[in-house]
Student: 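Just passing along the structure, written as structure tokens.
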Amino acid sequence: LGAGGLVVKSPLTRLCSAVVGYMSDNIRMAIEASHYTAALGILRRVLVWLKTTGRDAEGILDASALSNVCLRLLTYISKDLVYGSVEGSGLLAAHACECLTWLVAHGDSKILKMSASAQGMEKVVTRDQLGRAFLFHEIARVSEQGIFTKLSSHAAADAAKGGGMGEAAALLTNELASVTFVADHVTAAIIKWTEDNPNEVSPSPPMILSVVSASLASLTMDARTDLLNEPALRASAGRGEEDKVLRMLVEGYRGSVRVLPTAL
């Protein structure tokens, strides 16, 4: 606490808030693919740091807000006009999927924080599992809207062009396979539960999340230890682009961020 009992946020907390806020506020307005890719790289570095040090993400990085931004971003990019007009859409979509895969593969109860709601979710899903169940449910929901299918079609078209677009398409196709696998598993579990419980005409959100949470025990997927390394951003955009975005966020977007954490 600071003077007067006010909560003083750490530089790292302010940085994460600024990066997530920048991405959220500019979707549908002025997407710069290289800036978004760099921003995702910054947040991935924070996630890796949290995981390797065993720190609690609460008060540092809101993983729920991050996953929401990634899903919104993928939904927007999947539109034909947007994908075709934003240079670097394929690579950006790949990095957004990669971030979701990171949360799926490595997000534990310390990282995937989500407070139980007043509707009684804590009665059917433990607080430790609530954030994870919500993430998986949201990925399945977006998949049901056909977003991943649309992105797969875009990736297939880019692959035929070869070069840098072909490389980005290959990465996007690989990462889409991971999130689609998760989505299909969760959707199948919900469908089976619905068939087994025909009297539950309109199951409540807590009930659905309990079904999702229970299904995760039978989910087997690649451990993706590669995602615990430095983000692929370094090889694509380079550190210079990343530093450029950091300076833009620190100096221009939200001036309250003044000091960069040495951990980054």
Side-chain angles (χ1 to χ4, degrees), residues 7-51 53 55-77 86 88-89 91-115 130-132 134-139 141-142 147 175 179 227 230-233 237 241-261 263-264:
V7 176
V8 179
K9 295 182 178 180
S10 71
L12 180 55
T13 299
R14 286 179 284 164
L15 172 65
C16 291
S17 177
V19 175
V20 174
Y22 161 75
M23 295 180 66
S24 179
D25 293 349
N26 286 280
I27 292 178
R28 297 178 178 275
M29 292 177 61
I31 285 185
E32 288 285 346
S34 61
H35 288 178
Y36 268 62
T37 297
L40 285 170
I42 293 167
L43 296 172
R44 274 273 311 284
R45 290 166 66 192
V46 174
L47 286 171
V48 171
W49 175 71
L50 288 169
K51 186 69 176 181
T53 59
R55 292 186 184 333
D56 197 306
E58 187 169 7
I60 297 178
L61 172 60
D62 186 341
S64 178
L66 171 57
S67 63
N68 177 265
V69 165
C70 287
L71 289 169
R72 286 174 53 212
L73 183 60
L74 290 172
T75 298
Y76 184 59
I77 292 177
V86 177
S89 291
L91 184 60
L92 175 55
H95 283 303
C97 283
E98 196 174 58
C99 192
L100 290 172
T101 301
W102 194 102
L103 293 172
V104 165
H106 304 295
D108 52 25
S109 59
K110 288 186 175 182
I111 292 175
L112 295 174
K113 293 286 185 178
M114 182 178 173
S115 300
L130 187 57
R132 190 165 175 78
F134 185 78
L135 168 66
F136 279 64
H137 177 266
E138 287 300 285
I139 290 175
R141 179 184 62 78
V142 170
I147 302 305
E175 295 306 331
V179 292
L227 295 181
E230 283 286 314
L233 168 72
E241 182 68 29
E242 191 174 342
D243 287 344
K244 176 182 176 182
V245 174
L246 278 170
R247 286 195 300 273
M248 177 185 69
L249 290 167
V250 173
E251 297 170 4
Y253 185 69
R254 293 192 177 177
S256 61
V257 183
R258 289 288 180 259
V259 182
L260 295 181
L264 296 181

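Note that these values count all heavy atoms, side chains included, but never hydrogens, waters or copies made by symmetry. What you see is a predicted model; the values in this text were computed from it and never measured.
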Student: Give a yes or no on whether the backbone of Trp49 and the side-chain of Thr53 come within a donor-acceptor separation of less than 3.5 Å.
Tutor: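 Yes, the answer is positive, given that a donor and an acceptor are paired below the 3.5 Å cut-off.
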Student: Are the side chains of Leu40 and Leu92 in contact, using a 4.5 Å heavy-atom criterion?
Tutor: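 Yes, close enough: below the 4.5 Å cut-off.
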Student: For Ile27, is there any backbone N or O sitting under 3.5 Å from a side-chain donor or acceptor partner on Tyr36?
Tutor: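 Between the backbone of Ile27 and the side chain of Tyr36 there is a qualifying donor-acceptor contact (under 3.5 Å).
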Student: How long is the gap from CE on Met23 to CD1 on Ile42, to the nearest 0.5 Å?
Tutor: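 That separation rounds to 10.0 Å.
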Student: Rounded to the nearest 0.5 Å, what separates atom NE2 in His137 from atom CD1 in Ile139?
Tutor: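 Reported to 0.5 Å precision, the distance equals 11.5 Å.
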Student: CD/Glu175 to OG1/Thr101 distance, rounded to the nearest 0.5 angstrom?
Tutor: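 OG1 of Thr101 is found 4.5 Å from CD of Glu175.
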Student: Residues two or more places apart in sequence or in another chain: which of them pass ring pair (Phe, Tyr, Trp, His ring centres under 6.0 Å) with His106?
Tutor: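 Counting only residues at least two positions away or on another chain, His106 forms a ring pair (Phe, Tyr, Trp, His ring centres under 6.0 Å) with Trp102.
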Student: side-chain contact (heavy atoms from CB on, under 4.5 Å) for Leu73 and Ile31? Distances and angles first, verdict last.
Tutor: CA-CA 10 Å; Leu73 183 60; Ile31 285 185; 3.7 Å; yes
Student: One pair to check against side-chain contact (heavy atoms from CB on, under 4.5 Å): Lys113 and Asp56. What are the steps and the verdict?
Tutor: CA-CA 9 Å; Lys113 293 286 185 178; Asp56 197 306; 3.0 Å; yes
Student: Could you report the tightest heavy-atom contact between Ser89 and Ile77, atom names first, then the distance?
Tutor: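 Shortest heavy-atom contact: CB-CG2, 3.9 Å.
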Student: Kindly write out the residues that satisfy salt bridge (Lys or Arg N to Asp or Glu O under 4.0 Å) with Arg141, not counting sequence neighbours, or none if the list is empty.
Tutor: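 With sequence neighbours excluded, Arg141 shows a salt bridge (Lys or Arg N to Asp or Glu O under 4.0 Å) to Glu138, given in chain and number order.
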Student: Drop me the distance from Arg55's CZ to Leu50's CG, to the nearest 0.5 angstrom.
Tutor: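 It is 8.0 Å, given to the nearest 0.5 Å.
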Student: Check side-chain contact (heavy atoms from CB on, under 4.5 Å) between Ala105 and all other residues, then give those that pass, not counting sequence neighbours.
Tutor: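 Result, side-chain contact (heavy atoms from CB on, under 4.5 Å) vs Ala105: Arg224.
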Student: Looking only at heavy atoms, what is the nearest atom pair of Leu227 and Val48, with distance?
Tutor: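 Looking at all heavy atoms of both residues, the closest pair is O-CG2, 3.7 Å.
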Student: Measure the CG-SG distance between Leu66 and Cys16 for me, rounded to the nearest 0.5 Å.
Tutor: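 Between Leu66 CG and Cys16 SG, I get 9.0 Å after rounding to 0.5 Å.
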Student: Is the shortest heavy-atom distance from the side chain of Leu100 to the side chain of Ser67 under 4.5 Å?
Tutor: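 They are in side-chain contact.
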Student: Identify which one of Val19, Leu43, Leu15 satisfies the side chain to side chain contact (heavy atoms under 4.5 Å, CB included) criterion when paired with Leu61.
Tutor: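 Exactly one pass, corresponding to Leu43.
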Student: Roughly how far, to the nearest 0.5 Å, is CG of Leu47 from CD1 of Ile111?
Tutor: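 Those atoms lie 6.0 Å apart.
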Student: Does Ser109 offer a backbone N or O that forms a donor-acceptor pair with the side chain of Arg132 under 3.5 Å?
Tutor: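 No, the answer is negative, given that no donor and acceptor are paired below the 3.5 Å cut-off.
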Student: Flag the pair Val104 / Val179 as yes when at least one side-chain heavy-atom distance between them is below 4.5 Å, and no otherwise.
Tutor: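 Answer no - side chains too far apart.
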Student: Main chain of Val69, side chain of Ser24: is a donor-acceptor contact present, judged purely on distance under 3.5 Å?
Tutor: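 The answer is no, because no donor-acceptor pair under 3.5 Å joins these two groups.
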